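So the structure is just underneath, and the comments pick up after that.
Lettering follows sequence order; numbering is per chain, from 1. For clarity, every value in this text was computed on a predicted model and none was experimentally measured.
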Number of protein chains: 2
Amino acid sequence: MGIMQSLIEIQQKLLPDLLVVLKKRYLILRQVMLSDMIGRRTLAASLEMTERVLRAETDFLKTQGLLHIEAAGMRITEAGQRLLDEMEPLYKQMFGLSDLEERIRKRYGLKQVIVVPGDSDSLPHTKRELGLAGCAVLRKYMEKDDVVAITGGTTLAQVANQLTTQTPLKGNWFVPARGGLGESLDYQANTLASTMAKRTGAQYRLLHVPDHLGEEAYTTLMQEPNVREIVEVIRSARIVVHGIGDAMVMARRRRVDGSFIEALKAEGAHAEAFGYYFDRNGAVVHRMPTIGLRLEDIMATEVVIAIAGGSSKAEAIAAIMRFGRDDVLVTDEGAALGIVAQLDEEEKQA
Amino acid sequence: MGIMQSLIEIQQKLLPDLLVVLKKRYLILRQVMLSDMIGRRTLAASLEMTERVLRAETDFLKTQGLLHIEAAGMRITEAGQRLLDEMEPLYKQMFGLSDLEERIRKRYGLKQVIVVPGDSDSLPHTKRELGLAGCAVLRKYMEKDDVVAITGGTTLAQVANQLTTQTPLKGNWFVPARGGLGESLDYQANTLASTMAKRTGAQYRLLHVPDHLGEEAYTTLMQEPNVREIVEVIRSARIVVHGIGDAMVMARRRRVDGSFIEALKAEGAHAEAFGYYFDRNGAVVHRMPTIGLRLEDIMATEVVIAIAGGSSKAEAIAAIMRFGRDDVLVTDEGAALGIVAQLDEEEKQA
DNA sequence: ACAGGCGGGACAATTCATGTCCCTGGTGTG
DNA sequence: CACACCAGGGACATGAATTGTCCCGCCTGT
């Protein structure tokens, strides 16, 4: 046991609710940080606290010089930011997130696992946090003149909309991993690639074709020189950042026809990632030709980063991890708990 | 810095109220341990707590299995003893500062001593903390329609620039304690008085005269009606907030002539405060007429607050404390350690 | 055997925490 | 430049928790 665990255990004997209060205040401070500027009532709602209780806490944080409160709302101070940064690793140890990380990392042979507090299913702000953590990871692995392929989805959108860099990434390229998927424009891979490039001063290319194609259309399009050109860039990506979805949810969202959905069901499709469907063991179900990144391209990619959270996605995430091509997983507490629950099951049966 | 130290610092920022409770419970447990077996009322008396409050705590410690309570009194349990042993180093780190405070407070008969962590000499942000603590003290002692006289200096500037109030102090006055001292404008008493007044919605008056004057100039100026008026306000101050400086450093900064510096040296001047020089025993050296606050005015002031930090100022602070007119001292760990080192010397010689 | 001091019960007084609503004012938007 | 909206802060009733004070019956050390 770490020195910190014993330290906290000692204190908890004398102050049993120490961790409760510490967590509460930390989460408030963190939420304010994530929100840039936020009002009391909005904050209370997003943290599921009553207004008055939150107010007592923010008043306290103000007197501690960690929050700035002004007419337009509250904002974190420099000291508050410093405190948050210092506290992050401690928080993870205290609340067992680093244990979850390590356990998942080992089981699936990943390079790195990051678990952020919360559950995207129930707490909307958790997705922001997921996005922020995703940004940090992406920055860590990106190198000069890299090509980064990204998929779409709401979680990836959180990454795109929060991505920043200290210096413009002039030589880097952001490209969509796949074509259009019939979802809302805001979450299209094309949109996100362009957003990320604009926010970081990098270049981007777009892929203006639908993702799922018949054989004939595929052949025709691949003969177009400008399509070929961008496809070549995409398939040379060194980094892939992708979300993970539930197979049925994704299939419906893509408005594929009923018979296809039935086929997926019959084949036991559980999860979806970078346009492919996987069963619960991580085996690919239903390959089909695509203009974008193919499985064989992904196998050749150096860094594959998965970003997905929410307890409802635990199974899907586990399935993709079993597929085994990912290097980094960024998820949240809700999903991570679901995943380790599955690990417990596995071990019990063994 | 150790992980323990950083955890403690975070807790001090985030849970200062809980740490007070922690200390209380620790001290109760320790007292029980030292007493072998002790009754509730006796214990309450020796810890200067009321019976009922102590009882709430001992009930709690009992449920935590740290105390054994029987008909003959209470006794520490094995678990309690273990906790106490493990907690000792932790306690020292957590509350080392409060012990310093209490020691200094008692020795110099002060109302209150505040020691902030750090050393202004080496850690620049410590001065900010000093200023913030100074603000809290000032707010605590200020009352309706008070006149507050302040001196200049970089430390006091930190107070001025961070001072806030919940409601505007319409009836209060901030005034400079002394006239111009030939330092940078930013640290002039005049500047600080006006800053503080503006930040708190209070009134202020300025003293537009040099501090050190010849007899003749003094007499002439004091006959000016507008000078007389403001001087009367200044001399009626109920609160004085002042910094403390090293005598030689201050003398040089004020560009007094060489012969004066030699005279100061010969008289053993060590410290400077509110325009006067003191030797290491706190005796005043070299009085001279001033338009601003005179020593006799300070003797009549109700609340005198000293704010100064940095290990290099320990001796100067101690000298001013020996002078004995201060009620409150706000300092930092660096200076406080130097001061108690001197106390240790004193005790060794006695 | 007994007296003093023990823990624990009781309870009124008071403080404190909390949920809720309102008000004024600043900010961003059109 | 005007407006609408949402911000923080004030106010307050209510209910919970804390606290000071007293008492009682019992154990225990002498």
Side-chain angles (χ1 to χ4, degrees), chain A residues 14-18 20-25 27-29 31-77 80 124-125, chain B residues 14-18 20-25 27-29 31-77 80 139 144 163-170 198-201:
Chain A
L14 289 178
L15 284 173
D17 50 0
L18 177 114
V20 177
V21 180
L22 191 66
K23 185 172 189 171
K24 182 169 64 176
R25 291 182 179 165
L27 291 179
I28 292 172
L29 205 54
Q31 184 60 26
V32 173
M33 182 269 284
L34 292 173
S35 312
D36 252 17
M37 171 88 70
I38 191 172
R40 193 207 311 147
R41 277 164 273 256
T42 318
L43 184 58
S46 78
L47 290 168
E48 295 178 300
M49 306 172 78
T50 62
E51 187 191 327
R52 195 62 183 74
V53 175
L54 176 73
R55 189 165 159 189
E57 297 299 341
T58 53
D59 282 353
F60 163 81
L61 291 171
K62 179 188 168 190
T63 68
Q64 291 298 104
L66 304 172
L67 281 188
H68 237 266
I69 298 190
E70 34 189 300
M74 30 197 154
R75 180 195 290 283
I76 195 165
T77 65
H125 73 261
Chain B
L14 230 39
L15 312 161
D17 44 350
L18 292 192
V20 171
V21 179
L22 186 71
K23 182 171 187 173
K24 181 169 67 178
R25 292 181 178 163
L27 291 177
I28 292 171
L29 206 53
Q31 188 63 31
V32 172
M33 184 266 287
L34 293 172
S35 312
D36 247 20
M37 172 87 68
I38 191 171
R40 193 208 309 152
R41 276 164 274 256
T42 320
L43 185 56
S46 77
L47 289 168
E48 294 178 301
M49 308 172 76
T50 62
E51 185 192 330
R52 194 61 184 75
V53 174
L54 175 72
R55 187 166 158 190
E57 296 301 341
T58 54
D59 282 354
F60 165 82
L61 292 172
K62 179 186 167 191
T63 69
Q64 292 296 100
L66 305 170
L67 281 187
H68 226 262
I69 299 189
E70 35 190 296
M74 30 195 155
R75 181 193 291 281
I76 196 166
T77 64
R139 272 196 297 270
K144 207 170 172 307
L163 189 64
T164 54
T165 46
Q166 295 185 334
T167 51
L169 309 171
K170 281 202 113 179
K198 283 175 191 158
R199 289 183 61 91
T200 57

Is there any side-chain hydrogen bond (donor to acceptor under 3.5 Å, both in side chains) pair reaching into residues 40-49 of chain A, and which pairs are they, with sequence neighbours excluded? A:Arg40-A:Glu51, A:Arg41-A:Glu51
What distance separates [X] [atom1] from [Y] [atom2], expressed to the nearest 0.5 Å?
X       : Y       : atom1 : atom2 : result
A:Leu67 : A:Met74 : CG    : CE    : 7.0 Å
A:Gln31 : A:Leu27 : CD    : CG    : 8.5 Å
A:Leu18 : B:Leu18 : CG    : CG    : 6.0 Å

Whole-Å distance between [N] [atom2] and [X] [atom1]?
X       : N      : atom1 : atom2 : answer
A:His68 : D:dG9  : NE2   : P     : 12 Å
B:Arg40 : D:dT19 : CZ    : P     : 15 Å
B:Met74 : C:dG5  : CE    : P     : 15 Å
A:Met37 : D:dA7  : CE    : C1'   : 10 Å
B:Arg75 : D:dC27 : CZ    : P     : 18 Å
B:Met49 : D:dT21 : CE    : P     : 15 Å
A:Ile69 : D:dG9  : CD1   : P     : 5 Å

I need the minimum non-hydrogen distance between [X] and [Y], along with the two atoms involved.
X       : Y       : value
B:Leu15 : A:Leu22 : CD1-CD1, 3.6 Å
B:Gly73 : B:Met37 : C-SD, 3.6 Å
A:Leu14 : B:Arg25 : O-NH1, 2.6 Å
B:Val32 : B:Ile76 : CG1-N, 3.7 Å

Can a donor-acceptor pair be found, under 3.5 Å and without considering hydrogens, that links the side chain of B:Arg139 to the backbone of B:Thr164? yes
For D:dA7 and A:Thr42 - does any side-chain N or O of the residue sit under 4.0 Å from the phosphate oxygens OP1/OP2? yes
For DNA chain D, the residues among residues 50-60 of chain A that have a non-hydrogen atom under 4.0 Å from it: A:Arg52, A:Arg55
Would you mind building the protein contact string for nucleotides 23-30 of chain C? One character per nucleotide, 5' to 3', B for base within reach (heavy atoms under 4.0 Å), S for sugar-phosphate only, - for untouched. ---S----
